[in-house]
Amino acid sequence: MIVGSAGAVVFLTMIGEAVLSARHDRALRRLGAVEPPGDVYRVMQWAYPACFLLMLGEGALRSVEADALFRAGAGMFAAGKALKYWAIATLGPRWTFRVLVPPHSALVTGGPYRVMRHPNYLAVMGELAGFALMAHAVLTGPASVLIFAWLIARRIRVEERALQARAD
């Protein structure tokens, strides 16, 4: 089943990103980075994989084939991953799943951050929307995108406060 194979790619990349994030998290904390209060990370931590699982389940029920909608979704998903990995490469060891701002750090303005403030979050939305198209997930896809957009909006407020506190 094509959606199952795509799901395997999603979860393998998710595991790799989690390993990298954990390594960076430990290093940033050793440098004195502190996690700000009010973050929605714990909800995002289970909601992100749950969204993909729900869409994967809906796709399995629909017996999706590699049609034009699947291919368009795959392209959107790949573009989301490319943007995410560009953001990760630009942030380097400062990229984590958590909001951690080390003391005396400068705001990153290179790479995709030259043109947008939060490229990683746009990338995540592209991953979710792309997979929704791939899975033909007409119910769980829009719900996942909307729920995660709400979480990201809350996350951005926490991140902006943390960045502002660093600047003060």
Side-chain angles (χ1 to χ4, degrees), residues 1-25 38-92 94-100 108-160:
M1 176 163 112
I2 190 109
V3 173
S5 298
V9 169
V10 167
F11 284 97
L12 287 173
T13 59
M14 202 180 296
I15 290 167
E17 292 163 13
V19 168
L20 180 62
S21 174
R23 184 177 333 135
H24 290 173
D25 187 307
D39 194 8
V40 293
Y41 169 72
R42 294 207 187 281
V43 176
M44 292 176 102
Q45 185 178 26
W46 65 263
Y48 183 70
C51 288
F52 285 103
L53 281 173
L54 289 169
M55 291 187 287
L56 187 59
E58 186 176 351
L61 291 173
R62 295 186 188 287
S63 299
V64 174
E65 297 190 21
D67 60 5
L69 190 59
F70 179 91
R71 290 190 302 276
M76 182 182 286
F77 181 84
K81 279 296 183 193
L83 178 58
K84 179 188 266 186
Y85 293 152
W86 187 19
I88 290 171
T90 301
L91 289 176
R94 289 181 50 189
W95 178 84
T96 70
F97 287 166
R98 297 178 183 269
V99 176
L100 293 169
V108 174
T109 57
Y113 296 90
R114 281 191 310 259
V115 293
M116 67 185 82
R117 183 81 166 174
H118 300 282
N120 190 74
Y121 300 136
L122 176 62
V124 168
M125 295 309 297
E127 292 170 358
L128 287 164
F131 196 79
L133 293 173
M134 291 167 68
H136 296 211
V138 297
L139 301 173
T140 57
S144 294
V145 169
L146 289 172
I147 289 166
F148 223 78
W150 178 75
L151 287 170
I152 285 173
R154 291 193 57 204
R155 180 55 154 339
I156 287 172
R157 287 193 294 276
V158 170
E159 192 170 304
E160 289 297 327

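What you see is a predicted model, and the numbers here were worked out from it, not measured in a lab.
Between Y48 and F148, the ring planes are tilted. Angles from 30° to 60° get that label.
Evaluation of the ring pair (Phe, Tyr, Trp, His ring centres under 6.0 Å) rule for Y113 yields no partner, not counting sequence neighbours. The ring pair (Phe, Tyr, Trp, His ring centres under 6.0 Å) search around Y121 returns H118, not counting sequence neighbours.
Closest of all the heavy-atom pairs between D25 and T96 is N-CG2, 3.5 Å. When every heavy atom of V40 is checked against every heavy atom of L151, the shortest pair comes out as CG2-O, 3.6 Å. Looking at every heavy atom in both residues, M55 comes nearest to A135 through O-CB, 3.4 Å. In terms of heavy atoms, A132 sits closest to G141 at CB-CA, 3.5 Å. Between L133 and G73, the closest heavy-atom pair is CB-CA, 3.6 Å. Considering all non-hydrogen atoms of both residues, A74 and M134 come closest at N-CG, 3.2 Å.
Between the side chain of H24 and the main chain of W95, a donor-acceptor pair closer than 3.5 Å is present.
Sequence neighbours left out, the pairs with a member in residues 51-72 that pass salt bridge (Lys or Arg N to Asp or Glu O under 4.0 Å) are E58-R62. Counting only residues at least two apart or in different chains, side chain to side chain donor-acceptor pair (under 3.5 Å) contacts with residues 143-157 comprise D39-R155. Listed by first then second residue, pairs satisfying salt bridge (Lys or Arg N to Asp or Glu O under 4.0 Å) with a partner in residues 73-82 read E17-K81, K81-E127, not counting sequence neighbours. Identified under the ring pair (Phe, Tyr, Trp, His ring centres under 6.0 Å) test for residues 58-86, with sequence neighbours left out: none.
Residues R117 and E160 have side chains in contact (heavy-atom distance under 4.5 Å, counting atoms from C-beta outward). Counting heavy atoms from C-beta outward, L128 and F131 have side chains that stay 4.5 Å or more apart.
Rounding to the nearest 0.5 Å gives a distance of 5.5 Å between CZ of R42 and CZ of R98. The distance from atom CG of L61 to atom CG of L56, rounded to the nearest 0.5 Å, is 10.0 Å. For the atom pair CG of L100 and CD of E159, the computed distance is 10.5 Å after rounding to the nearest 0.5 Å. We find the OG1-NZ distance between T13 and K84 to be 7.0 Å, quoted to the nearest 0.5 Å.
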